[in-house]
Amino acid sequence: MVSTVPVYNLQDTLKVVEEHLLHNSCDYCTMDYIYLTNLENTLKGVISIKNLVKARDKSLPASKIMVEDIVTVTPDTGQERVVYLALSNGLKSIPVVDEEGKLMGAVPYDTILQIFNQEVQRDIFNFGGIFHRVGDEYTSIHSSATHMFRSRIPWLIIGVVGGTLAASLIAQFEELLSSFIALASFIPVMVYMSDAAGAQTEALIIRSMALDTKLNVRKYLTREIVVATALAMVSGAFAALLAYLTRQNLILGFIIFLALFFSIIASVSINTFAPLILRRFNYDPALATGPLATIFSDIATLAIYLAVAMTLLHNT
């Protein structure tokens with residue numbers, strides 16, 4: 001980080017840069033900005049090295065070419081927010097200021113990329129149900145088999161429990177399924193469609209929450225409800241059409257349409273509210289992903305499907 005004052009002319013500012021390079025053994029590949037402060041060290045502006053070098057009149061004061069509308073962070077700003085600000089504003093570093101606007105330092109580009117890489121890796125592992133210390137033990141090929149086993153098996157066991165609950169739910173409707181065998185053949189379709197819609201929703205909201213820590217939840221939920229309703233209508237109608245064409249049964253098609261419509265809305269709701277609830281209680285939103293959300297979504301889908309089928313078949 002290099003800092004100078006706005007009253008310096010550009011020639012003097014270049015000298016400061018040269019001295020910094022000489023004494024700190026850095027180069028132009030890692031130094032991108034000069035931050036300008038007043039005598040009280042309050043941040044006033046920023047000049048990019050490129051603009052400084054390109055300036056023709058080196059007698060101009062630095063204040064003439066500095067940018068005053070600066071994107072800054074504080075020492076308490078979350079690292080995901082730092083990455084979001086850097087990427088969304090095309091910045092190679094971000095200055096850190098205190099509550100009074102005094103310059104404390106800067107987060108360089110290599111650190112921003114390192115944070116971004118760590119967050120992406122952590123979220124990928126969380127999607128797979130690995131929630132225990134995502135670090136070098138997972139990015140290295142030398143991780144012990146015991147450590148990998150211990151971190152993954154708890155969530156797979158939870159998945160088995162959830163699957164058993166789903167199987168028990170299906171067992172309660174064995175008579176219905178045996179009397180209308182076509183219902184059983186469409187269970188994989190129902191589960192897959194609701195899980196796919198839920199996974200899309202989950203990935204999008206977690207990404208939105210990571211990129212924008214001040215996400216407008218009400219606006220986001222309103223949009224997601226509209227999108228979920230449209231997805232449920234189109235997917236349900238298409239699945240119902242295929243069910244009718246393959247089974248030549250109008251009642252089955254109507255069951256598939258209603259069940260898939262409500263299942264997708266339920267799955268989208270589960271995968272939208274779970275990260276929001278976890279964030280509310282100061283847990284990492286990514287923990288709502290993977291096997292846990294899938295279990296609730298699958299059970300809800302099966303319950304809706306079988307309840308709709310029983311209701312319509314008993315009334316016909």
Side-chain angles (χ1 to χ4, degrees), residues 126-129 155-206 221 223-275 277 288-316:
N126 285 343
F127 270 113
W155 299 99
L156 294 179
I157 290 177
I158 291 176
V160 172
V161 173
T164 303
L165 292 175
S168 300
L169 178 63
I170 294 175
Q172 302 299 317
F173 295 86
E174 284 184 353
E175 182 178 348
L176 174 65
L177 293 173
S178 61
S179 62
F180 197 0
I181 196 64
L183 287 174
S185 63
F186 277 90
I187 287 179
V189 177
M190 302 295 299
V191 172
Y192 169 78
M193 289 298 296
S194 61
D195 283 348
Q200 290 176 340
T201 299
E202 192 171 287
L204 290 173
I205 190 171
I206 289 177
L221 290 178
R223 186 190 66 181
E224 197 61 30
I225 290 172
V226 174
V227 173
T229 303
L231 289 174
M233 287 286 291
V234 174
S235 300
F238 185 65
L241 176 62
L242 292 181
Y244 174 73
L245 293 176
T246 56
R247 293 293 191 272
Q248 296 296 312
N249 191 307
L250 186 60
I251 294 298
L252 177 61
F254 196 49
I255 291 172
I256 295 297
F257 171 75
L258 285 179
L260 192 55
F261 176 81
F262 290 115
S263 295
I264 288 180
I265 291 179
S267 182
V268 168
S269 300
I270 291 171
N271 288 276
T272 298
F273 281 103
I277 293 172
T289 62
L292 201 59
T294 301
I295 290 171
F296 287 109
S297 179
D298 288 351
I299 292 176
T301 297
L302 290 172
I304 291 171
Y305 179 47
L306 296 173
V308 168
M310 183 175 66
T311 300
L312 291 181
L313 291 175
H314 283 185
N315 293 332
T316 55

(request) Give, for atom CZ of Phe186 and atom CG of Leu260, the distance between the pair rounded to the nearest 0.5 Å. (result) 11.0 Å

Please report, to 0.1 Å, the donor-acceptor pairs under 3.5 Å made by any side chain of residues 156-172, with sequence neighbours excluded.
from	atom 1	to	atom 2	distance (Å)
Thr164	OG1	Val160	O	2.8
Ser168	OG	Thr164	O	2.9

(request) For residues Gln248 and Leu245, report the shortest heavy-atom separation together with the two atoms involved. (result) NE2-O, 3.1 Å

(request) Could you pull out the closest heavy-atom pair between Gly253 and Ala243, with the gap in Å? (result) CA-CB, 4.3 Å

(request) To the nearest 0.5 Å, tell me how far Ile265 CD1 sits from Glu224 CD. (result) 11.5 Å

(message) With rounding to the nearest 0.5 angstrom, report the CZ to CZ distance, Phe238 to Phe257.
(response) 14.5 Å

(message) Give me the atom names and distance for the closest heavy-atom approach of Leu302 to Ile187.
(response) CD2-CG2, 3.7 Å

(request) Flag the pair Met190 / Ile256 as yes when at least one side-chain heavy-atom distance between them is below 4.5 Å, and no otherwise. (result) yes

(message) Are there over 12 heavy-atom neighbours, none belonging to Phe173, within less than 6.0 Å of that residue's CZ?
(response) yes

(request) With sequence neighbours left out, write down each residue that passes side-chain hydrogen bond (donor to acceptor under 3.5 Å, both in side chains) with Ser297, or none if nothing qualifies. (result) Asp195, Ser267

(request) Would you mind reporting whether Leu221 and Phe273 have side-chain heavy atoms less than 4.5 Å apart? (result) yes

(request) Would you mind reporting whether Leu312 and Leu258 have side-chain heavy atoms less than 4.5 Å apart? (result) yes

(message) Quick check for you: to the nearest 0.5 Å, what is the distance between Phe261 atom CZ and Ile304 atom CD1?
(response) 11.0 Å

(request) Would you mind reporting whether Ile255 and Tyr305 have side-chain heavy atoms less than 4.5 Å apart? (result) yes

(request) Would you mind reporting whether Leu183 and Leu313 have side-chain heavy atoms less than 4.5 Å apart? (result) yes

(message) Please give me the minimum heavy-atom distance between Ser194 and Ile264, naming the atom from each residue.
(response) CA-CG1, 4.5 Å

(request) Please check if the side chain of Ser235 supplies one atom and the backbone of Ala232 the other of a donor-acceptor pair under 3.5 Å. (result) no

(request) Look up atom CG in Leu250 and atom OH in Tyr244, then write down how far apart they are to the nearest 0.5 Å. (result) 6.5 Å

